[in-house]
Amino acid sequence: MAEVMERAKAMQMSCENSKQKSQPGDEEQYECQDCKDSGKIVVRHFLKNENGQPLIHPNGSPKYKDIAQQCYCWEKRMLKKRFQNALIPDEFQEARLTTYRQDSEVQQTLFQATKEYLQSFDSIIHDRSEHNSLGFIAVVGESRIRSLDGSARAETKRKHNNFGLGKTHLQMAAAKWILNKARIRIPGDKYRPERTRGCSVLCVSDASFMDELSQAKRMNDEGKQLKDMLHSATTVDVLVWDDLGKSKWSETKEGLYYQIINERYRHKRPILFSSNEDKATLSEKIGYAASSRLLGMCGERLYEVEGEDYRLNKGEHHHV
């Protein structure tokens with residue numbers, strides 16, 4: 001820390017000296033005038049005793065400690081980076097809560113569930129609630145419908161459709177809301193006050209994500225790529241998992257599902273997910289242990305939904 005502080009001091013002094021020698025208007029070459037684009041600033045913290053009173057030197061001057069810390073501009077850069085790394089599909093870059101159509105009862109249910117979750121998000125993330133996740137699943141799962149024959153399959157699909165309700169639209173809208181508005185509080189200490197940072201989000205689509213994990217597991221790189229992917233999925237503040245259970249089952253994938261979900265379950269890290277499977281068929285697709293933990297993380301925020309597929313309604317709606 002001392003070395004970092006000295007480097008930050010030296011960088012600031014160098015920038016100040018350069019500014020003295022430069023002509024008016026030269027400061028415009030920096031995006032951030034506080035840190036001169038170094039990403040570091042030196043902040044003076046006056047020391048206090050246990051009772052909150054300032055500590056004073058014998059000569060009467062207050063005691064202080066200079067701390068090198070990240071500049072405020074760093075958060076802006078990280079916000080931009082989080083957007084880039086969230087992996088939000090291009091077709092949903094413009095998805096917002098305000099652009100979600102609520103033409104049916106099921107759409108109103110989905111919207112209200114998402115809205116209430118986001119309204120409670122601050123307490124969910126900071127109280128480290130056991131029930132911290134939000135899930136949308138089918139009343140009758142896709143696997144169950146596919147197992148039926150002929151007319152029975154078509155009729156069941158018509159009565160219990162789970163596609164085209166707008167689940168993905170709401171998930172991506174929620175992801176962007178969290179990226180833009182949610183803050184994680186970082187406790188202070190004797191040298192640094194409490195501060196906040198932006199909330200990180202990772203969005204994944206089940207089929208491609210599980211295939212990539214399976215391929216990484218087979219790579220001859222001593223498990224480095226798999227480890228990196230799993231680390232991102234298990235440690236990100238919020239994991240948004242679209243179409244969970246879509247990937248074809250395998251023993252390897254079941255193990256990966258459990259590893260990710262169990263790690264997030266243990267550390268109380270939220271998962272926002274949607275699935276076209278029901279409780280039973282989802283358990284068959286991702287494994288009973290993983291399913292038990294995931295559904296338990298939702299508590300009362302698990303919604304079984306079905307309704308009309310609006311993508312089939314003359315192309316007037318674009319929900320997924």
**Q** Answer yes when Lys167 and Asp242 have at least one side-chain N-carboxylate O distance shorter than 4.0 Å, and no when they do not.
**A** no
**Q** Sub-3.5 Å donor-acceptor pair from the side chain of Ser292 to the main-chain atoms of Ala289, do we have one?
**A** no
**Q** Checking Ser208 against Asp211 for the side chain to side chain donor-acceptor pair (under 3.5 Å) test, could you report, in this order, the C-alpha distance in whole Å, the side-chain angles of both residues, the deciding distance, and whether it holds?
**A** CA-CA 5 Å; Ser208 57; Asp211 286 345; over 6 Å; no
**Q** When you measure from the side chain of His160 to the backbone N and O of Thr156, does any donor-acceptor pair fall under 3.5 Å?
**A** no
**Q** I'd like to know if the side chain of Ser291 and the backbone of Gly287 have a donor-acceptor N/O pair within less than 3.5 Å.
**A** no
**Q** Does Ser133 reach the main-chain N or O of Cys298 with its side chain, forming a donor-acceptor pair under 3.5 Å?
**A** no
**Q** Can you see whether Lys253 engages Ser247 through a side-chain donor-acceptor pair at a distance of less than 3.5 angstrom?
**A** yes
**Q** Do we see a donor-acceptor contact under 3.5 Å between the side chains of Ser143 and Glu284?
**A** no
**Q** One pair to check against side chain to side chain contact (heavy atoms under 4.5 Å, CB included): Leu226 and Met219. What are the steps and the verdict?
**A** CA-CA 8 Å; Leu226 176 63; Met219 288 183 63; over 6 Å; no
**Q** Does a donor on one side chain and an acceptor on the other come within less than 3.5 Å for Asn132 and Ser129?
**A** no
**Q** Classify the ring geometry between Trp177 and Phe121 as parallel (under 30°), tilted (30 to 60°) or perpendicular (over 60°).
**A** perpendicular
**Q** If the threshold is 4.0 Å, N to carboxylate O, is there a salt bridge linking Arg269 and Asp237?
**A** no
**Q** Between Leu295 and Lys279, is any pair of side-chain heavy atoms under 4.5 Å apart?
**A** yes
**Q** Using a 4.5 Å cut-off on heavy atoms from C-beta on, say whether the side chain of Phe163 contacts that of Lys157.
**A** yes
**Q** Step by step, would you call Asp206 with Tyr257 a side chain to side chain donor-acceptor pair (under 3.5 Å)?
**A** CA-CA 10 Å; Asp206 186 74; Tyr257 280 124; 2.8 Å; yes
**Q** For the side chain of Ser274 and the backbone of Asp243, is there at least one donor-acceptor N/O pair under 3.5 Å apart?
**A** yes
**Q** Tell me whether His169 contacts the main-chain N or O of Arg96 through its side chain, where contact means a donor paired with an acceptor under 3.5 Å.
**A** yes
**Q** So, Glu116 versus Gln112: side-chain donor-acceptor pair below 3.5 Å or not?
**A** yes
**Q** So does Ser104 get a backbone contact from the side chain of Gln107, meaning a donor-acceptor N/O pair under 3.5 Å?
**A** yes
**Q** Would Arg153 and Asp149 pass as an ion pair if we require N to O under 4.0 Å?
**A** no
**Q** Report the C-alpha separation of Ile137 and Glu277 in whole Å, then their side-chain angles, then the decisive distance to 0.1 Å, and conclude whether the side chain to side chain contact (heavy atoms under 4.5 Å, CB included) test is met.
**A** CA-CA 6 Å; Ile137 64 173; Glu277 302 294 343; over 6 Å; no
**Q** Spell out, as yes or no, whether a donor-acceptor pair under 3.5 Å connects the side chain of His131 to the backbone of Arg301.
**A** no
**Q** If the threshold is 4.0 Å, N to carboxylate O, is there a salt bridge linking Asp221 and Lys227?
**A** no
**Q** When you measure from the side chain of Ser61 to the backbone of His57, do you find a donor-acceptor pair of N or O atoms at a distance under 3.5 Å?
**A** no
**Q** Any sub-3.5 Å donor-acceptor pair from Ser120's side-chain atoms to Tyr117's backbone N or O?
**A** no
**Q** With a 4.0 Å cut-off on N to O distance, would you call Lys246 and Glu142 a salt bridge?
**A** yes
